Amino acid sequence: MVQEQLKKILSEIPKEVTLVAVSKTKPSQLILEAYNAGQRDFGENYVQELVDKATQLPKDIRWHFIGHLQSNKVKYIAPFVYLIHGVDSFNLLKEINKQAHKQNRVINCLLQLYIAKEETKFGLSFNEATEILQSNALKELNHICIKGFMAMASNTDNSSQIIQEFKSLKQFSLQFPELSILSFGMSSDYTLAIQEGSTMIRIGSHIFGTRNYTK
Ligand SMILES: *Cc1c(COP(=O)(O)O)cnc(C)c1O
């Protein structure tokens, strides 16, 4: 089931678009099924769950942290995380830099932008992101590398609204052509996302089935 879904999605998307399989709440068994079909990029949004899975699963998996990251937890994922998607403050960047330095590595990050018309989503405004990217303080953080932007559209059936939100992100990103990763699009909206210039989609339920949070 997992393998068929993966192959189906991969056959539908352009080769240049990276598929991150969002495995949060799903057992390692299912992740291995996807791994055995060739999938290497996986996304998790809880630190403890990510650390547990990374310990159990093959070492060549590229682990993406896609949740809201608290500064005091950066140290747990710093040794191995491949890309941190949800960076939404300069202080968090500073902490990631500090922990990456301790691990003697450079950690790739995406700035999370707020594009939805909802109160609940995390992220930076376009102005805040610009301020961070143009700050002198950023130049001193040698152990992080900002690779692009991540965002989530509103949770709505209104596709013209979703398209508008994605367009605003794409438009903003054009000012920073060297930041080439655009992480947007999930199970419900990845086709629209790719149409609007996404280079990295994060798909969970469409691969692994609906999540059960109650256990
Ligand atoms: C859970 C999650 C996804 C995947 O959601 P699906 O609707 O299951 O595809 C993508 N991005 C983030 C940030 C998530 O937390």
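In this text, all values refer to a predicted model and were calculated from it rather than measured experimentally. In listed order, ligands and their atoms are each counted from 1. Side-chain atoms are counted along with the backbone in the values below, which use heavy atoms only and exclude waters and symmetry mates.
Applying side-chain hydrogen bond (donor to acceptor under 3.5 Å, both in side chains) to S183 and the options H85, K147, Q112 leaves one that passes, H85.
The protein non-hydrogen atom at the shortest distance from atom 10 (C) of ligand 1 is M186 SD, 3.3 Å. Atom 12 (C) of ligand 1 has as its closest protein heavy atom I66 CD1, 3.5 Å. If you check which protein heavy atom lies closest to atom 9 (O) of ligand 1, you get S187 OG, 2.5 Å. For atom 11 (N) of ligand 1, the closest non-hydrogen atom on the protein side is R202 NE, 2.9 Å. Looking only at protein heavy atoms, the nearest one to atom 15 (O) of ligand 1 is K24 NZ, 2.7 Å.
Salt-bridge annotation for K117 and E165: present, with a side-chain N of the basic residue lying under 4.0 Å from a carboxylate O of the acidic one. Salt bridge absent: K8 and E4 never bring a charged side-chain N and a carboxylate O closer than 4.0 Å. Ion pairing between K24 and E49 fails under the 4.0 Å rule for side-chain N and carboxylate O. Ion pairing between a basic and an acidic side chain is recognised when a charged N comes within 4.0 Å of a carboxylate O; E196 and K167 show such pairing.
Ligand 1 lies out of reach of H85, whose nearest heavy atom is not under 4.0 Å from it.
Ligand-side atoms of ligand 1 in range of N45: 15 (O), range being under 4.0 angstrom from any heavy atom. Taking a cut-off of under 4.0 Å to the non-hydrogen atoms of M150, the atoms of ligand 1 that pass are 13 (C). Listed by atom number, the atoms of ligand 1 under 4.0 Å from I203 heavy atoms are 9 (O). The contact set between ligand 1 and G204, taken as ligand atoms under 4.0 Å from a residue heavy atom, comprises 4 (C), 6 (P), 8 (O), 9 (O).
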Legend entry - side chain to side chain donor-acceptor pair (under 3.5 Å) evaluation trace for R211 with S205: CA-CA 7 Å; R211 285 176 295 275; S205 45; 4.6 Å; no

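The proximity of H206 to ligand 1, defined as any non-hydrogen pair under 4.0 Å, does not occur for either the backbone or the side chain. Using a 4.0 Å cut-off between heavy atoms, E44 makes no contact with ligand 1 at all.
Taking the six-membered ring for Trp, Y82 and H64 have ring centres closer than 6.0 Å. Taking the ring centroids of F149 and F184, they lie at or beyond the 6.0 Å cut-off.
Not one N or O of M152 is nearer than 3.5 Å to an N or O of ligand 1, by distance alone.
Put simply, the side chain of R105 never gets that close to the backbone of I144: no donor and acceptor are under 3.5 Å apart.
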